[in-house]
Student: 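The structure follows.
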Amino acid sequence: MTHPVVVLDFETTGLSPDRGDRATEIAAVVLDSGRIVDRYQSLMNAGLRIPWFIERLTGISDAMVRGAPPATQVMREFATFLRDFPVVAHNVSFDRKFLVAEMGRIGVEVRQEFLCSMRVARRIFPEAENHKLETLQDYARLPGTGRHHRALADAELAAHLWQRMTDELRRRYALRSVPLALMRDVQNLPCRGLDDAIERLRRRHGA
DNA sequence: TGCCAGGCCCTCTTTAGGGCCTT
């Protein structure tokens, strides 16, 4: 029995849908049994101008978004892709609020569980210089996936990171398996004293 | 007019403040 997760990444016009920001690109991969088995990617046109520094950051221009399908169409397609899979993202609170906002515009309620690769990374790799996705790529020697701050490259990179952290837990603590429920518990542990806490989780999950 | 995210995490904490992350 496998427990696939969808690893998600949005590019947007800013940080806050509550302040009027919208998504400009969405991408996600299905990670199942350690492998990326499906992908979704689309630019989307929400009718907003893209701030200059966002264009410089992402490489996504007004012209690119103008030529993209409407946000409503993209989100309907994505809802079909997403189904009820648990969602993983790097700093998931950001992607969750945009997912809820964009799905809300097409009348779809988001019900799935969310897990955060950044929170897990802070516990498993506390000695990393910082916990930006780009830094962790070098730190954990993850494969290149393309231009940073494009949605599919970052979604694939976060998927590689999630899998690497799963493998690291299995190796470091000699676990037979690393169920998703254990990853959920790991992200909620205190950042310090991981070894003792993992021993308790191992017993709880029979891992 | 002038303001402008927000949740997590640490610490010189909990009657708070500031850095980290995402775009």
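Chain A is the first sequence line, chain B the second, and so forth, proteins listed ahead of strands; every chain is numbered from 1.
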Student: Remember a base hit wins even if backbone is also touched, and classify D95(A) as base, sugar-phosphate or nothing at under 4.0 Å, heavy atoms.
Tutor: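 Nothing, no nucleic acid heavy atom in range.
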Student: Starting from W52(A) and following side-chain heavy-atom contacts under 4.5 Å between hydrophobic residues (I, L, V, M, F, W, Y), which residues can be reached?
Tutor: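 Result for W52(A) is none, singleton.
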Student: What is the distance, rounded to the nearest whole Å, between atom CH2 of W52(A) and atom C1' of dT23(B)?
Tutor: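 These atoms are roughly 16 Å apart.
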Student: Kindly state which residues belonging to residues 55-64 of chain A come within less than 4.0 angstrom of DNA chain B, counting heavy atoms of the residue only, listed by number.
Tutor: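 Per residue number, the list reads L57(A), T58(A).
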Student: Can you tell me how far C1' of dT22(B) sits from CG of N91(A), to the nearest Å?
Tutor: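 Going from N91(A) (CG) to dT22(B) (C1'), I get 4 Å.
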Student: For dC9(B) and dT14(B), measure between their C1' atoms and round to the nearest Å.
Tutor: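 Roughly 14 Å separates the two C1' atoms.
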Student: Using a 3.5 Å cut-off and no angle test, enumerate the donor-acceptor pairs between side-chain atoms of residues 27-36 of chain A and protein atoms at least two apart in sequence or in another chain.
Tutor:
| unit_1 | atom_1 | unit_2 | atom_2 | d |
| --- | --- | --- | --- | --- |
| D32(A) | OD1 | T2(A) | OG1 | 3.2 |

Student: Sequence neighbours left out, what passes side-chain hydrogen bond (donor to acceptor under 3.5 Å, both in side chains) with D62(A)? Give chain and number order.
Tutor: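 Once residues adjacent in sequence are excluded, the partners of D62(A) under the side-chain hydrogen bond (donor to acceptor under 3.5 Å, both in side chains) criterion are R49(A).
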Student: Checking all strands, does F10(A) fall into the base, sugar-phosphate, or nothing category for heavy-atom contacts under 4.0 angstrom?
Tutor: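 Sugar-phosphate, no base atom in range.
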Student: Tell me which donor-acceptor pairs under 3.5 Å the side chains of residues 105-118 of chain A have, and how far apart each pair is, sequence neighbours excluded?
Tutor:
| unit_1 | atom_1 | unit_2 | atom_2 | d |
| --- | --- | --- | --- | --- |
| E109(A) | OE1 | R111(A) | NH2 | 3.3 |
| Q112(A) | NE2 | R83(A) | O | 3.0 |
| Q112(A) | NE2 | F85(A) | O | 3.2 |
| E113(A) | OE1 | R184(A) | NH2 | 3.1 |
| E113(A) | OE2 | R184(A) | NE | 2.4 |
| E113(A) | OE2 | R184(A) | NH2 | 3.3 |
| S117(A) | OG | A89(A) | O | 3.3 |
| S117(A) | OG | H90(A) | N | 3.4 |
| S117(A) | OG | H90(A) | ND1 | 2.8 |

Student: Would you indicate which nucleotide in dC10(B), dT22(B), dT23(B) comes nearest to any side-chain atom of H90(A)?
Tutor: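 Shortest atom-to-atom distance from the side chain points to dT22(B).
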Student: Whole-Å distance between dT23(B) C1' and K132(A) NZ?
Tutor: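 The distance from NZ of K132(A) to C1' of dT23(B) comes to 13 Å, rounded to the nearest Å.
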Student: Would you tabulate the nitrogen or oxygen pairs shorter than 3.5 Å linking the protein to nucleotides 17-20 of chain B?
Tutor:
| unit_1 | atom_1 | unit_2 | atom_2 | d |
| --- | --- | --- | --- | --- |
| dC20(B) | O3' | R122(A) | NH2 | 3.1 |

Student: Once you round it to whole Å, what is the distance between P of dA5(B) and CG of D21(A)?
Tutor: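 After rounding, the reported distance stands at 10 Å.
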Student: Separation of I124(A) atom CD1 from dC9(B) atom P, in whole Å?
Tutor: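 The distance from CD1 of I124(A) to P of dC9(B) comes to 14 Å, rounded to the nearest Å.
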Student: What contact category does R22(A) fall into here, base, sugar-phosphate, or nothing, at under 4.0 angstrom with non-hydrogen atoms?
Tutor: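 The residue R22(A) makes no contact with any strand.
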Student: Has E25(A) got a side-chain atom pairing as donor or acceptor with T12(A)'s backbone, closer than 3.5 angstrom?
Tutor: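 Judged by distance alone, no pair lies under 3.5 Å.
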Student: With the threshold set at 4.0 Å, does a side-chain nitrogen-carboxylate oxygen contact exist between E199(A) and R203(A)?
Tutor: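 Salt bridge flag = yes for R203(A) with E199(A).
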Student: Who are the ring-ring contact (aromatic ring centres under 6.0 Å, His included) partners of F81(A), not counting sequence neighbours?
Tutor: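 Checked F81(A) against ring-ring contact (aromatic ring centres under 6.0 Å, His included); matches are Y40(A), F78(A).
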Student: For D185(A), enumerate each residue passing the salt bridge (charged side-chain N to carboxylate O under 4.0 Å, His left out) test, keeping only those at least two apart in sequence or located in another chain.
Tutor: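 Scan of D185(A) (salt bridge (charged side-chain N to carboxylate O under 4.0 Å, His left out), adjacent residues dropped) gives R204(A).
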Student: Restricting to pairs with a member in residues 152-171 of chain A, which pass ring pair (Phe, Tyr, Trp, His ring centres under 6.0 Å), not counting sequence neighbours?
Tutor: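 Sorted result for residues 152-171 of chain A: empty, none.
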Student: Please confirm whether the shortest side-chain N or O distance from R119(A) to OP1 or OP2 of dC9(B) is below 4.0 Å.
Tutor: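 Answer is yes, contact under 4.0 Å.
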Student: Could you state the atom-to-atom distance from CG of L99(A) to P of dT23(B) in whole Å?
Tutor: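 Atom CG in L99(A) sits about 15 Å away from atom P in dT23(B).
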Student: Relative to the 5' end of DNA chain B, which residue comes earlier, R96(A) or C191(A), by the nucleotide with the nearest heavy atom?
Tutor: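 First, find each residue's nearest nucleotide; the 5'-ward one identifies R96(A).
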Student: Rounding to the closest angstrom, what is the interatomic distance between dT23(B) and dG7(B) at atom C1'?
Tutor: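 That atom pair is separated by 16 Å.
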Student: In whole Å, what separates the C1' atom of dA5(B) from that of dC12(B)?
Tutor: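 The answer is 27 Å between these two C1' atoms.
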Student: What is the separation between atom CZ on R123(A) and atom P on dC8(B), rounded to the nearest whole Å?
Tutor: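 After rounding, the reported distance stands at 10 Å.
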Student: Work out how far the P atom of dG18(B) is from that of dT13(B), and round it to whole angstrom.
Tutor: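 My reading of the P atoms in dG18(B) and dT13(B) gives 14 Å.
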Student: Under 4.0 Å, heavy atom to any atom of DNA chain B: which of residues 138-157 of chain A qualify?
Tutor: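 The stretch gives H149(A), D154(A) as the residues lying under 4.0 Å from the strand, ordered by number.
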Student: Using whole Å, report how far CZ of F94(A) lies from P of dG6(B).
Tutor: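 To the nearest whole Å, that distance equals 13 Å.
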Student: Does anything in residues 130-149 of chain A form a ring pair (Phe, Tyr, Trp, His ring centres under 6.0 Å)? List the pairs, not counting sequence neighbours.
Tutor: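 Those involving residues 130-149 of chain A are F125(A)-Y139(A).
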Student: Could you tell me how far dC3(B) sits from dC10(B) if I compare only their C1' atoms? Round to whole Å.
Tutor: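 It comes out at 28 Å once rounded to the nearest Å.
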Student: Which residues pass the ring-ring contact (aromatic ring centres under 6.0 Å, His included) test with F10(A), not counting sequence neighbours?
Tutor: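 If we apply the ring-ring contact (aromatic ring centres under 6.0 Å, His included) test to F10(A), skipping adjacent residues, there are no hits.
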Student: Output, in order, the C-alpha distance, side-chain angles, deciding distance and verdict of side chain to side chain contact (heavy atoms under 4.5 Å, CB included) for L43(A) and R150(A).
Tutor: CA-CA 10 Å; L43(A) 290 164; R150(A) 283 301 300 266; 3.9 Å; yes
Student: Per the side-chain contact (heavy atoms from CB on, under 4.5 Å) rule, which among R22(A), E102(A), E11(A) passes with M44(A)?
Tutor: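 When side-chain contact (heavy atoms from CB on, under 4.5 Å) is applied between M44(A) and each of R22(A), E102(A), E11(A), only E102(A) qualifies.
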